[in-house]
There are 2 protein chains.
Amino acid sequence: MSSDRTRSAILAAAEKLYADRGFGDVTLRDIVAEANVNLAAVNYHFGSKDELIAELFVTRSLATNRERLNELKAAEEKGGGRAPIDAILHALVGPTLRGCLGPDREGSTAARFMIRASIESVPPIRRIKNREVDHLRKFIAAMRRAMPGRDDADLYWGLHFALAMAHHTIRERERLTKLSEGQCDLNDVDAIVDRVVAVSVMALTAGETPAKKAPARSAMPQGRLTRQDL
Amino acid sequence: MSSDRTRSAILAAAEKLYADRGFGDVTLRDIVAEANVNLAAVNYHFGSKDELIAELFVTRSLATNRERLNELKAAEEKGGGRAPIDAILHALVGPTLRGCLGPDREGSTAARFMIRASIESVPPIRRIKNREVDHLRKFIAAMRRAMPGRDDADLYWGLHFALAMAHHTIRERERLTKLSEGQCDLNDVDAIVDRVVAVSVMALTAGETPAKKAPARSAMPQGRLTRQDL
DNA sequence: TTGCAATTCAAACAGTCGTATGAAACTATC
DNA sequence: GATAGTTTCATACGACTGTTTGAATTGCAA
């Protein structure tokens, strides 16, 4: 089947061009020129431009989510069904950050594409992202097991802030480099992951809703919640 | 001068439509229809579509930045030239969050416009945002005065994470509401500001680069750094 | 080899977009 | 009230967009 070659060529060309120039100014004609295929091939193989973008994003997104769940599962098995909170958060933000940052990923088309997808948020991608809620609920469930005493709202805020730091770092990495004049090392991905996880754990273990009084913490398995370096 | 009326009508109509439908699918023809002016008026008064968008964003952005600096200045004067870290962060994220969240701001066109600008990131807006570095440096300077013992890199990361949480909350507020099934109250803006500030302060006071050992904290004016509720 | 389906291709379609133009209407000054 | 400058207007331009079409080509099975 020669059609697979055309399909793959389109996917590769589209991902490369979107990664380099963004969704805003890449036309189907640009893509087919890069892929050396006919203009009509895109609609023939994908139906529409949006479906092409969706397929690109779904592929990469599923890979990240799978990696997340694998890491979460491994952590839960290691902990006998209950993973410590830092491991859960590590599984949440690790794959995303590792996939988009780091010197080896610098030239990766897939990484640059996902960064674009994180910045520009075009309709077909937005639609897919909105279905990610179910995926995140699995992490909320794991967090609930790790911190049974915690209010659900606090768990949601903790997860929300963890994703905030991860995505903002990916999205604004150039600005952070410029602002800090290189003092923030965006290439040391492991250190970034650790930093994001550490802050998230702090938010979850010490951060009560400021309006409330801090409750007794005896219900929480504190020893396991605190990272050794905090 | 009747020209001011046309100009204002265009600005108001554009802000409303962009706020409601995003930059992607609002054309000049939509704008002039909403404003009840002629199509050519946009290019006559603003030069181009991009310059219209830029003017809209610059106006709102300057207002926020001014508010930030006023709050920072007030905090520094109150502290005799050195504001506590939580007040600095409060001045950084407070105006942004207050401007975009909250029940009273729900119907505000300006707020919804800024949310759009935060989500879609169209070229003319991106250009303006890249000039914001100087503005942020003033906050870094204030943070350096508040925490003289801290590594600059840690300060940059702290500011970065504070902005991450604020912007991500604005940008993904619908998803957070959906994910938490309403358990996260996006209408209590003060509580959100306090929460973001609290986590940011924790990141700055306790968060060392995980690879390093935590240094002695004696150099830091701890008593003033820690919020009463932490 | 014949026949049929899958794939490729050049070309055109039907819009939409931001912008430009030149005349008309208005405004203010003298 | 004539004049000069500003602002509005209808209209068209030129280019670009995603998509469709129908014929040509290819690949594979009988």
Side-chain angles (χ1 to χ4, degrees), chain A residues 1-58 113 116-117 120-128, chain B residues 1-58 113 116-117 120-128:
Chain A
M1 241 188 242
S2 164
S3 82
D4 270 355
R5 179 151 55 233
T6 301
R7 244 187 91 92
S8 312
I10 291 172
L11 284 170
E15 186 167 45
K16 171 177 162 44
L17 290 181
Y18 285 141
D20 287 345
R21 291 157 40 189
F23 298 99
D25 50 61
V26 171
T27 70
L28 288 187
R29 285 168 176 82
D30 294 332
I31 293 171
V32 299
E34 172 81 18
N36 279 313
V37 302
N38 186 270
L39 174 59
V42 174
N43 287 277
Y44 178 78
H45 285 283
F46 298 93
S48 70
K49 186 191 190 183
D50 276 9
E51 289 176 80
L52 166 61
I53 295 178
E55 171 149 347
L56 278 171
F57 184 71
V58 164
F113 172 81
R116 285 284 179 189
E120 293 199 17
S121 187
V122 75
I125 290 182
R126 191 108 37 105
R127 276 193 287 274
I128 294 162
Chain B
M1 244 187 237
S2 163
S3 83
D4 270 354
R5 181 151 53 232
T6 302
R7 246 189 88 93
S8 311
I10 292 172
L11 285 170
E15 185 167 46
K16 171 176 162 45
L17 290 180
Y18 286 142
D20 286 345
R21 293 156 41 190
F23 299 98
D25 51 61
V26 171
T27 70
L28 288 187
R29 285 169 176 81
D30 294 331
I31 293 171
V32 298
E34 173 83 19
N36 278 312
V37 301
N38 187 268
L39 173 59
V42 174
N43 287 277
Y44 178 78
H45 286 282
F46 298 93
S48 71
K49 186 191 191 183
D50 276 10
E51 290 175 80
L52 166 61
I53 294 177
E55 172 149 347
L56 278 171
F57 183 71
V58 164
F113 173 81
R116 283 285 180 190
E120 293 200 17
S121 188
V122 74
I125 290 182
R126 191 108 36 102
R127 276 192 287 272
I128 294 162

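Heavy atoms only: backbone and side chains are in, while hydrogens, waters and symmetry mates are out. Every chain is numbered from 1 and lettered A, B, ... according to where its sequence line falls, protein lines coming before strand lines.
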Counting N and O atoms only, with roles assigned by atom type, does the side chain of A:Arg29 sit under 3.5 Å from a partner on the main chain of A:Leu39, one being a donor and the other an acceptor? no

Heteroatom pairs (N/O) under 3.5 angstrom, protein to nucleotides 21-26 of chain D:
none

Specify the separation, in whole Å, of atom [atom1] of [X] and atom [atom2] of [N].
{"X": "A:Tyr44", "N": "C:dA5", "atom1": "OH", "atom2": "P", "result": "13 Å"}
{"X": "A:Asp50", "N": "D:dG18", "atom1": "CG", "atom2": "P", "result": "10 Å"}
{"X": "B:Lys49", "N": "C:dT19", "atom1": "NZ", "atom2": "C1'", "result": "12 Å"}
{"X": "A:His45", "N": "C:dT7", "atom1": "NE2", "atom2": "P", "result": "6 Å"}
{"X": "A:Asp4", "N": "C:dT8", "atom1": "CG", "atom2": "C1'", "result": "15 Å"}
{"X": "B:Phe46", "N": "D:dT7", "atom1": "CZ", "atom2": "P", "result": "12 Å"}
{"X": "B:Asn43", "N": "D:dT11", "atom1": "CG", "atom2": "C1'", "result": "14 Å"}
{"X": "A:Ile10", "N": "D:dG18", "atom1": "CD1", "atom2": "P", "result": "13 Å"}

Pairs where residues 34-50 of chain A contributes a residue and the test salt bridge (charged side-chain N to carboxylate O under 4.0 Å, His left out) is met, not counting sequence neighbours: A:Asp50-A:Arg127

If you look only at pairs with a residue in residues 10-20 of chain B, which of them pass as a salt bridge (charged side-chain N to carboxylate O under 4.0 Å, His left out), with sequence neighbours excluded?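 Applying salt bridge (charged side-chain N to carboxylate O under 4.0 Å, His left out) to every pair that reaches into residues 10-20 of chain B, excluding sequence neighbours, yields B:Glu15-B:Arg60, B:Lys16-B:Asp20, B:Asp20-B:Arg112.
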
Could you tell me whether the side chain of [Y] reaches within less than 4.5 Å of the side chain of [X], counting heavy atoms only?
{"X": "B:Ile31", "Y": "B:Leu52", "result": "yes"}
{"X": "B:Val37", "Y": "B:Ile10", "result": "yes"}
{"X": "A:Glu51", "Y": "A:His45", "result": "no"}

Between A:Phe113 and A:Tyr18, what is the ring plane arrangement, given parallel below 30°, perpendicular above 60°, and tilted in between? tilted

Looking at D:dT7, C:dT7, D:dA12, which one has an atom nearest to any side-chain atom of B:Leu39?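 Of the options given, the side chain of B:Leu39 lies nearest D:dA12.
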
Which nucleotide in C:dT8, D:dT20, D:dT8 has an atom nearest any side-chain atom of A:Thr6: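 That would be C:dT8.
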
With sequence neighbours excluded, residues passing side-chain hydrogen bond (donor to acceptor under 3.5 Å, both in side chains) with A:Asp30: A:Arg21, A:Thr27

Partners of B:Arg126 by side-chain hydrogen bond (donor to acceptor under 3.5 Å, both in side chains), sequence neighbours excluded?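 So B:Arg126 forms a side-chain hydrogen bond (donor to acceptor under 3.5 Å, both in side chains) with B:Ser121.
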
Identify, residue by residue, the members of residues 12-32 of chain B with a heavy atom below 4.0 Å from DNA chain D, and return them in order of residue number, or none. B:Arg29

